[in-house]
Amino acid sequence: MREYKGSEIRNIAVVGHGASGKTSLVDALAFVSGSSKRHGSVKDGTALTDTAAEEVERGYSINLGCAYAEWQDTKINLLDTPGYLDFQGDAVAGLAAADGALCVVPATAGVEVGTERMFKEAMRRRDPVLFVVSMMDKEHADFDRIYQQIKTRLTNKVIPIEIPIGQGADFHGIVNLFTKRAHVYKRGVKTGEYEETDIPAEAQDQFDHYYNELIESISATDDTLLERYLEGGDISREEAIAGMKEAMKKMELFPLFCVSGELNYGTQAVLSMIVELMPNAYEMEELHAFKGAEGDTTVEIHADDNGSCAAHVFKTMSEPHVGEVTFFRLYSGVINNGDELYNATRSGVEKLNHLSIAQGKERTEIAKLHAGDIGCVAKLRNTHTNDTLSTRLHPVRLPLIELPEGQISMAVHATNRADEEKLQQGLHRLHDEDPTLEMHYNPETHETIVSGLGERHLEVNMSKLKRKFGVTAELSKPRIAYRETIKGKAEGQGKHKKQSGGRGQFGDCWVRFGPQPRGAGYAFIDEIVGGAIPRQFIPAVDRGIQEAAVRGIIAGYPLVDFRVEIFDGSFHTVDSNEMSFKMAGIQAFKAVAAKCKPVLLEPLDELEIFTPDDYMGDVLGDLSSRRGHILGTEPAEGATLIRAVVPQAELHGYAASIQSMTHGRAYYRRHFKGYDEAPHEVAAKVIEEHAKEKEEELVAH
Ligand SMILES: Nc1nc2c(ncn2[C@@H]2O[C@H](COP(=O)(O)OP(=O)(O)OP(=O)(O)O)[C@@H](O)[C@H]2O)c(=O)[nH]1
Ligand SMILES: [Mg+2]
C-alpha cells in the first residue's frame, strides 16, 4: 500500500442502532473498493469487522472494528461501532477517533433509540454526519418514510442527495441528484458492478421533487448561491458540492443516501461522497492537549506531519497468542516503524515494533504513518485505552474520551475457588481494554462487584474471561451492605476476669451508649476521673468496642453512628493488661448495645433519570413501587430529569426494567447517597435471613 498524507485521509465512524447494517456496510465498502478481497457476511460469521469469537457466535458487534477502503486516491478509515447500548463505550470511542460519522438507518426499522443516541453524541462533538438508509432490498423497505422519520426525530436539516430506483425486492439502482445520473445494478451480482444511465422514467418524478428540495436547501445555507437560485440561475455540481461540504461542517445540512450492503448496491456512491463531502484529516479542528505528565497548561495540536508526535489510544484489545493490540489515531507528527514513543499518561517508554494498519483482523505492517491516520501496534508494555503516546521531548496528554458510566452492578466469583486470583487479573485486563467495565471489592460484603452498561455487557465479559483467561465465573445478585445503629441510650458494665493459675486477667469498665446523628460515625469519649482505670488501658476498651461493633447486634452488620462514654471501672495492679481491657470492651458492647433500641440501616442511591415526557408517569409509578422518594422533576435536554432516592435493595434489575418501560429511551446516573433506617418489614426479613444463616453455620460445624 502507498503512503497517505492527512489530506488524502478520511476518518469515519459508522454508527447507528443495533442490527442496522453497519458491519455489513463496512464490509461491502471495503470490498467494493478492492481493499478487502472478500465480501464477508455477518450471518456466516465472516464479516470483516466482527472477528472476536463472541461476535461471531452472537452475530452482533461488541468491539470497535477498524477497516479501510482506498478510493479515488483517498484512504477512508472506517470505524465500525457496536449499536447495542451495552457496548456504547466503543461507539463513543469510535466517534472520538473520527472526523465525521456515517449514521446508518435501516429501511424497515427506521430511527431507533441507538440512532437517536449516536446522532446526539455526534452533534455534541460537532461532527458532520452523512445518513445512509441501509437494507433497501428488504421487504417493506420505504425510503420516503425513513427520510421523514429522520426529519422529525433527528434533524429537519437532512436532505436526500441520492434516491432509490425501486425498493424492497425491486431495489435495483440509485439516482444521484448532483450528477443527474443513475447507477443501475445487474441483478444477482454482488460485486457492485453497475451500468451508468440517464435518469430512468420510473424515477423521474421523484428526481424532480427531490432535486428542487436539494438545490433549495443548499442555496439557503449560502447567500451568493441563494441569490443566484432566486434569480433562476444554475448552480453547478462543483458549487453544490462545495456548498454542501461547508454546510455539513457547520451542521446546517445532513445528506442522505441509500444502499444495500448485502447486495452491494449504492456502495461506490457512498465512498465517492465520503471523499467529496467529509473533511480530510488536515481539516480537523485543533485539539488542546495538556503539556507534560501532570498539570493543566495546554498546547494546541494541529494535524501536521512536521509537528511533534501526538497519538491517542482509542481502543485496545487483547487476544490469546497475539497479546494486546493498541489502536490509535495519530493527530500530529509522523511515526516510523520501530520508533520509540513516550506514554505521558503512565510515564513509560514504548517501542512501536511492527507498526501496522488494520483491515479487520488482518494487520499490514507499514513503514510510516502520517498525521491524521489511524494505526495499530501489538504488544506495547503498559499502554491502555485513553492514553496518549507522544515524545519524551514534548510529552502531551490529549483530552480523554468521555465514556458512559456503569448502569448495573453484579457480584462475581470464580466457579472454582482456586481461580479467584486469575479472575481478578482477567477482570483488570478486560477493564484495560474496555474502561466501561469496572470492578471493585466490597469489604463489607466480601464480594467482588463488576459494573457495566447492561446485562448483555456483563454476560459477554464472562464469555471473554473464559476464552481469554480460562476462568469460569458466575454472576449473582450483589449482597446489600446493610448497617446497624442504635436509637436509644443505656449504660452498663463490661468485666473480664480470668484466674487460671499463674498470672490472671482483669479488666472492668462502665460505659454509656447513645446514638449519633446519621453519618457522624463513631465517637469514644473518655470521662474517667480519678484514675479508676489507668490511662494506658483506656484505648484498649475503645478497640474492644469497635471490634465487637463490626459484627453488629441484630443482623450481623456493622454498627455505626453511635457514641460511647467510658465513665468508670476498676483494675488490678498485677492482672490488668491491655488484652484484658479490650476483652472488657467487647463484654461492655455485648451487655449494653442490645439495650439501646438497635435498628437496621439500608443503603440508598440517588438516581438522576432522564426520560422522554411520555414515559414520565410510568417511571414515577415504578419508582414509588421501589420505595423511592422523589426529590423533584425538571425539564432537561428535551426530556424530563427526575431525581429520586431509592434503597439499593430495590434497584436490582432496574437497568433492564427502565429500558423496557421506556423502550430504551431513558437513561440514568446513579450514585451512593447514604444510609437510612430500613422500614420494619424490610428489617424483619433481613434479621430473619441472618438468623437462618447463623443456624446453618452452626449445623455445618
Ligand atoms: N436484506 C438485507 N439484510 C441486511 C443488510 N445489511 C445487513 N443485513 C442483515 O441485518 C443483520 C444485522 O446486520 P449487521 O451488519 O450485523 O448490523 P450492525 O448494525 O452491524 O449491528 P450491531 O453490530 O449489532 O450494531 C444481519 O443479519 C445482516 O445479514 C442488507 O443490506 N440487506
Ligand atoms: Mg455490527
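Read the numbers this way: they start at 1 and go in the same order the structure lists the ligands and their atoms.
- Within the 4.0 Å heavy-atom cutoff, Ala19 counts among the residues contacting ligand 1.
- Scanning the protein for heavy atoms near atom 17 (O) of ligand 1, the closest one is Gly21 N, 3.0 Å.
- Using a 4.0 Å cut-off between charged side-chain N and carboxylate O, Glu276 and Arg10 make no salt bridge.
- Using a 4.0 Å cut-off between heavy atoms, Lys138 contacts ligand 1 through its side chain alone, with no backbone atom that close.
- For the Mg ion (ligand 2), the N/O/S atoms of Ser24 include none lying under 2.8 Å.
- Scanning all protein heavy atoms for the shortest distance to atom 15 (O) of ligand 1 gives Ser24 OG, 2.6 Å.
- Inspection of the Lys43 and Ser41 side chains reveals no N or O donor paired with an N or O acceptor under 3.5 Å.
- Taking the ring centroids of Tyr654 and Tyr668, they lie under the 6.0 Å cut-off.
- Of all the heavy atoms of Val42, the ones lying under 4.0 Å from any atom of ligand 1 belong exclusively to the side chain.
- The nearest protein atom to atom 10 (O) of ligand 1, hydrogens excluded, is given as Met135 CE, 3.4 Å; this is a heavy-atom distance.
- Taking the charged nitrogens against the carboxylate oxygens, Glu54 and Lys468 have no contact shorter than 4.0 Å, which rules out a salt bridge.
- Counting protein heavy atoms only, atom 27 (O) of ligand 1 is closest to Lys43 CE, 3.6 Å.
- For the Mg ion (ligand 2), the N/O/S atoms of Ser61 include one lying under 2.8 Å.
- Note that Arg456 lies in the cation-pi zone of Tyr60, set by a 6.0 Å cut-off to the ring centre and a 45° limit from the axis.
- Heavy-atom separations between Ser20 and ligand 1 include at least one value shorter than 4.0 Å.
- Annotation: atom 32 (N) of ligand 1 to nearest protein heavy atom, Asp137 OD1, 2.8 Å.
- Across Arg429, His457, Lys315, a single residue satisfies side-chain hydrogen bond (donor to acceptor under 3.5 Å, both in side chains) together with Asp434, and that is His457.
- In this structure, the separation between CG on Leu85 and NE2 on His17 is 7.0 Å, given to the nearest 0.5 Å.
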